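First comes the structure, then the notes that go with it.
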Amino acid sequence: MAGEREIIKTTCPRDCYDGCGIAVVKRDGRIAKVLGDPDHPTARGALCGKCAVAYNGVWLDPEVRLLHPMKRTGPKGSSQFTAISWNEALSTIAERFHAIGRESGFDRILHTHYTGTCSSLAIGFPGRFFARLGATEAEPDTICNNAGHVAWGYVFGDSHIGFDPRTARDSACILVWGANPSHSAPHAHKHWLKESPAKVIVVDPVRHETAAAADLHLQLRPGSDAALAFGLVHVMVREGLIDQAYIDAHVLGWDELQADIAMATPAWTAAQTGLPAAQIEEPARIYGAGPSLLWLGQGLQRQPSGGNIFRACAMLPAASGNIGKPGAGFYYLNDAMGIVARKGAAPAWQPPARAAPEDMPDGPPSVSQMDVPDQLNDASRIRSYVVWNCNPLASNPAQTKMRSGLAREDLFTVVIDCFPTDTAAYADIVLPAASFLEFDDISTSYFHFTIGAQAKAAEPMGQSLPNQEIFRRLATAMGFEDKHLHARDEEMLEKIMARSGTGLSFAQLKEKGWAWGTPEPLVLWLEGSFPTPSGKIELASERAAADGHPRLPRPQADAPPADGRLRLLSPAGKWLMNSLYGNDPRIVELMGQATVAIHPDDARRHNIGDGAAVTLSNAAGCLTLKAVISDIIPAGALLTDKSRWPGKEGGSNVNVLHVPQKTDMGESTSVHGVEVTLSAA
Ligand SMILES: Nc1nc2c(c(=O)[nH]1)N[C@H]1C(S)=C(S)[C@@H](COP(=O)(O)OP(=O)(O)OC[C@H]3O[C@@H](n4cnc5c(=O)[nH]c(N)nc54)[C@H](O)[C@@H]3O)O[C@H]1N2
Ligand SMILES: Nc1nc2c(c(=O)[nH]1)N[C@H]1C(S)=C(S)[C@@H](COP(=O)(O)OP(=O)(O)OC[C@H]3O[C@@H](n4cnc5c(=O)[nH]c(N)nc54)[C@H](O)[C@@H]3O)O[C@H]1N2
Ligand code: SF4
Ligand SMILES: [Mo]
């Protein structure tokens with residue numbers, strides 16, 4: 001019927017804390033508008049600015065999306081392709097994989113993936129194929145947050161159980177440390193933080209919007225956070241804000257830390273962090289008095305000493321007993337579905353050598369994303385590179401080296417994406433992925449305890465297919481008949497729902513659009529037992545020591561950059577989701593020219609005026625940006641955003657400067673530790 005209007009409720013599956021509900025408005029069977037779901041507790045009727053533009057822009061635009069499989073017809077990087085059938089694409093890939101397997105072993109196939117889409121099947125199912133194939137995996141979290149996971153794995157035994165944000169109604173203090181909700185969790189910034197009765201404290205070198213709106217902002221030097229953590233605990237001890245009963249029952253290593261805590265006076269801490277000594281006492285008092293929530297950002301651990309920083313920050317809740325009561329807790333990431341399924345109870349301790357699930361045999365050892373630039377350039381090591389759900393030429397370190405690796409004529413490269421990215425330009429075979437609007441799935445937030453249905457609102461555009469269907473077909477082309485490689489979506493979705501603890505079927509979830517994991521806020525870690533070997537919070541960790549780390553967190557700060565260098569921060573920007581949306585013309589217009597913020601003292605020292613073109617350089621490369629003179633960052637540091645499309649920026653983005661130095665733990669990216677020299681362009 002002409003003018004017929006239909007609303008489909010779905011969920012935003014981006015790598016974002018918010019996990020917004022979406023209302024897709026259809027007219028005459030076609031998507032007319034993608035809006036925030038008015039009934040969703042996070043979205044409250046509005047998407048963030050970037051999604052509001054891109055979901056109604058490039059995501060719906062068949063002129064921009066990848067519509068059919070393609071094979072390369074020109075030099076690598078030239079984006080010369082011709083359309084081919086799915087059969088030809090898949091049989092070409094299968095033949096090449098079999099040849100590589102025969103000649104050198106399947107582990108010479110490197111696959112890389114991350115969070116392009118985070119819905120359960122689209123992000124998880126392809127792993128079954130690669131495990132069966134025996135391909136090498138680029139360890140996904142090493143591009144993002146692995147240092148924090150490893151460090152809090154030592155301390156708490158699990159880094160995927162945080163606090164339930166709903167408990168903030170009982171909090172007196174929320175400490176946001178090294179996260180920028182105003183960009184990375186815009187709804188949490190706008191509603192959650194503002195509506196809580198708590199005092200908000202932000203620890204960040206950048207005075208971002210959340211910091212500017214906070215009650216207190218500690219604008220410390222990058223990489224000095226462990227020293228600040230010791231300084232805060234020092235004040236808490238002095239002021240009698242330590243919960244000795246909690247420590248006696250649940251914490252290991254407190255006594256051994258006393259000498260370092262006593263040493264970390266406000267004067268010492270001020271010298272280490274660049275903060276005024278007077279600024280160190282008030283936040284310690286407010287946090288220590290509690291009930292307090294501690295949110296450690298992913299940005300925080302993207303520093304050379306990110307693991308030590310996480311272990312040092314864990315002293316705050318452990319020492320003050322801000323755990324296991326309403327309004328108190330700590331958070332890095334939430335596995336909402338797992339937590340709800342266990343009704344909040346901590347998982348049982350398991351020895352580190354995890355037994356592989358029956359359908360996922362252990363593959364060859366994974367490699368750090370920090371090693372990928374070198375490995376891609378090594379023909380004796382990697383013969384094929386399969387890229388799905390990520391855009392490494394925009395997002396990974398050592399962009400120049402990444403590009404030379406991708407340009408290798410003998411490297412068989414397959415890229416699966418919704419869009420013709422910079423990485424896809426180097427593919428031998430490009431496969432078109434359907435967008436989240438085009439298939440059913442389940443999507444949960446990694447902050448809020450909401451579980452969302454991803455509901456199909458349109459047919460896949462062109463010949464594109466969901467990741468899971470692509471890998472079922474590839475399994476067939478390879479001759480893999482294993483049942484788990486051919487599981488149907490409906491079956492898998494019902495299995496997930498059955499384990500979810502919500503008591504809902506997928507059809508019921510779809511009807512509602514989303515559901516709370518539990519009707520009431522969950523107070524986590526209530527029992528005070530932790531899945532560590534001792535069952536306690538291990539500030540002192542034998543496991544860390546066995547892995548070659550100090551037994552205890554260290555009260556240290558990175559030395560300020562020497563020889564006139566500056567430390568470059570490139571966290572999440574407002575208008576992109578990693579590199580996603582960098583091809584949307586309206587987003588490109590809203591972002592304007594790429595800038596770098598320079599403190600007035602540094603600008604004066606380098607004789608740089610506002611708006612001038614400046615060049616940043618280091619051993620990895622150089623990049624020219626527009627200077628913005630501002631004290632939004634402290635002297636000695638520079639600020640730009642991550643992950644524009646290199647091809648739209650004259651060939652390079654900030655990752656041309658990203659040295660793949662590994663963090664102290666977890667072999668992860670230390671991108672916020674990058675140092676550069678600055679000069680007028
Ligand atoms: N300088 C600097 N660099 C950084 C960071 C930083 O802070 N500073 N942050 C790092 C972090 S935290 C991360 S997580 C990484 C992220 O880096 P990447 O994982 O590379 O993330 P994106 O650039 O968004 O790439 C995701 C790709 O997936 C595609 N995609 C979307 N949906 C689908 C789908 O359904 N199927 C398939 N096959 N593809 C899909 C998108 O079109 C997009 O091209 O970047 C890292 N890079
Ligand atoms: N709009 C938008 N949202 C996003 C993304 C995006 O690209 N754009 N990316 C998504 C992804 S993949 C991720 S991992 C998350 C990341 O989101 P967040 O967890 O918020 O992490 P970042 O944005 O990398 O950095 C957050 C803050 O860490 C600060 N920081 C850097 N170095 C230090 C330091 O030494 N000490 C302290 N205290 N702070 C420091 C930065 O100044 C920045 O303000 O965001 C997700 N959401
Ligand atoms: S990216 Fe985040 S803030 Fe934006 S709509 Fe999706 S979930 Fe909401
Ligand atoms: Mo990330």
Side-chain angles (χ1 to χ4, degrees), residues 11-22 34-37 40 42-44 46-55 114-116 118 140-141 143-146 148 176-190 202-211 217-226 228-229 273 295-306 309 313 332-333 390 395 436 443 445-448 450 452 557-558 567-582 597 632-634 637 639 641-644 668-674:
T11 305
C12 180
R14 300 279 79 83
D15 188 339
C16 172
Y17 294 90
D18 283 348
C20 292
I22 291 180
V34 181
L35 303 168
D37 177 0
H40 191 273
T42 311
R44 304 198 194 178
L47 302 176
C48 64
K50 60 192 180 296
C51 292
V53 173
Y55 289 167
Y114 208 44
T115 51
C118 294
D141 284 341
I143 198 65
C144 176
N145 56 23
N146 209 41
V176 181
W177 196 321
N180 176 9
S182 67
H183 286 174
S184 61
H187 295 81
H189 164 77
K190 197 166 146 198
V202 170
V203 180
D204 202 299
V206 177
R207 194 177 62 251
H208 47 62
E209 283 174 63
T210 304
H217 174 208
L218 279 65
Q219 193 173 17
L220 79 180
R221 275 197 303 106
S224 65
D225 302 81
L228 178 61
T273 58
W295 171 355
L296 292 201
Q298 299 175 71
L300 178 61
Q301 50 85 65
R302 241 169 262 143
Q303 303 177 51
S305 58
I309 287 169
C313 289
Y332 181 40
L333 288 173
C390 63
S395 306
F436 75 101
S443 200
S445 161
Y446 55 75
F447 184 59
H448 302 287
T450 49
D558 294 352
R567 187 145 165 172
L568 175 66
L569 307 182
S570 55
K574 188 187 183 93
W575 291 109
L576 298 181
M577 168 49 68
N578 295 313
S579 75
L580 268 167
Y581 313 158
I632 189 173
I633 36 124
L639 173 68
D641 293 341
K642 65 171 156 178
S643 299
R644 288 171 178 240
S668 202
T669 170
S670 61
V671 66
H672 296 325
V674 163

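Being a predicted model, the structure only gives us computed values, none of them experimental. The first residue of the sequence shown is numbered 1, and numbering continues consecutively from there. Order of listing sets the numbers, starting from 1, for every ligand and every atom in it.
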Quick one: which ligand 2 atoms are inside 4.0 Å of a heavy atom on [X]?
X      : answer
Gly297 : 19 (O)
Leu300 : 36 (N), 37 (C), 38 (N)
Gly223 : 34 (C), 35 (O)
His208 : 44 (O)
Arg302 : 14 (S), 24 (O)
Lys50  : 1 (N), 2 (C)
Asn180 : 20 (O), 26 (C), 44 (O)
Trp177 : 38 (N)

Counting from 1, what ligand 3 atoms have a heavy atom of [X] closer than 4.0 Å?
X      : value
Gly19  : 7 (S)
Cys48  : 1 (S), 3 (S), 4 (Fe), 5 (S)
Pro186 : 3 (S)
Cys16  : 1 (S), 2 (Fe), 3 (S), 7 (S)
His187 : 3 (S), 8 (Fe)

Hey, does the side chain of [X] reach the backbone of [Y] with a donor-acceptor pair shorter than 3.5 angstrom?
X      : Y      : value
His217 : Ala211 : no
His208 : Ala179 : yes
Asp204 : Val206 : yes
Arg14  : Gly116 : yes

Do [X] and ligand 2 have an N or O pair less than 3.5 Å apart?
X      : answer
Pro222 : no
Tyr17  : yes
Val206 : no
Leu220 : no
Pro205 : no
Trp575 : no
Thr115 : no
Ser224 : no
Ala572 : yes
Gln303 : yes

Distance from [atom] to nearest protein heavy atom, with residue and atom:
atom                    : answer
atom 41 (C) of ligand 2 : Asp204 OD1, 3.5 Å
atom 15 (C) of ligand 2 : Gln298 NE2, 3.8 Å
atom 45 (O) of ligand 2 : Ser184 CB, 3.2 Å
atom 1 (N) of ligand 2  : Gly573 O, 2.8 Å
atom 7 (O) of ligand 2  : Asn578 N, 2.7 Å
atom 38 (N) of ligand 2 : Asp225 OD2, 2.7 Å
atom 21 (O) of ligand 2 : Gly299 N, 3.1 Å
atom 26 (C) of ligand 2 : Gly178 O, 3.4 Å

List the atom of [X], the atom of [Y], and the distance in Å for their closest heavy-atom pair.
X      : Y      : value
Ser445 : Tyr17  : OG-O, 2.7 Å
Pro571 : Leu639 : CD-CD1, 3.5 Å
Leu47  : Gly21  : CD2-O, 4.5 Å
His189 : Thr210 : ND1-OG1, 2.8 Å
Gly148 : Tyr332 : C-CE2, 3.6 Å

Discussion item. How about NZ on Lys642, more than 12 heavy atoms from neighbouring residues, nucleotides or ligands closer than 6.0 Å, or not?
Written reply: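 Yes, the 6.0 Å shell around NZ holds more than 12 heavy atoms from other groups.
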Under 4.0 Å, heavy-atom basis, I'd like to know which part of [X] is in contact with ligand 2: side chain, backbone, both or neither.
X      : answer
Asp15  : both
Lys642 : side chain
His672 : side chain
Cys144 : side chain
Leu576 : backbone

Worksheet item: Should the ring pair Tyr55 and Phe436 be called parallel, tilted or perpendicular, given that the plane angle runs from 0 to 90° and is split at 30 and 60?
Response: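 Geometry flag for Phe436 against Tyr55: tilted rings.
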Could you grab the distance from atom [atom1] of [X] to atom [atom2] of [Y], nearest 0.5 Å is fine?
X      : Y      : atom1 : atom2 : value
Asp15  : Cys144 : CG    : SG    : 6.0 Å
Trp177 : Asp225 : CH2   : CG    : 6.0 Å
Ile309 : Asp558 : CD1   : CG    : 6.5 Å
Leu569 : Asp641 : CG    : CG    : 11.0 Å
Leu218 : Ser224 : CG    : OG    : 10.0 Å
Lys574 : Cys48  : NZ    : SG    : 9.5 Å

Worksheet entry | atom 8 (Fe) of ligand 3 to nearest N/O/S of Cys20 less than 2.8 Å |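 Checking Cys20: at least one N, O or S atom is under 2.8 Å.
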Would you say the side chain of [Y] lies within less than 4.5 Å of the side chain of [X], judging by non-hydrogen atoms?
X      : Y     : answer
Asp18  : Cys12 : no
Met577 : Cys16 : yes
Leu580 : Lys50 : no

Discussion item. Out of the candidates Arg302, Gln298, Gln303, only one should pair with Leu300 under the side chain to side chain contact (heavy atoms under 4.5 Å, CB included) rule; please name it.
Written reply: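 Testing each of Arg302, Gln298, Gln303 against Leu300, the sole residue satisfying side chain to side chain contact (heavy atoms under 4.5 Å, CB included) is Gln303.
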Discussion item. With a cut-off of 2.8 Å, does Cys12 put an N/O/S atom close enough to atom 6 (Fe) of ligand 3?
Written reply: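 It does: Cys12 brings an N, O or S atom closer than 2.8 Å to atom 6 (Fe) of ligand 3.
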Worksheet entry | Option nearest atom 1 (S) of ligand 3 (shortest heavy-atom distance, choices Cys51, Ala43, Ser184) |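 That would be Cys51.
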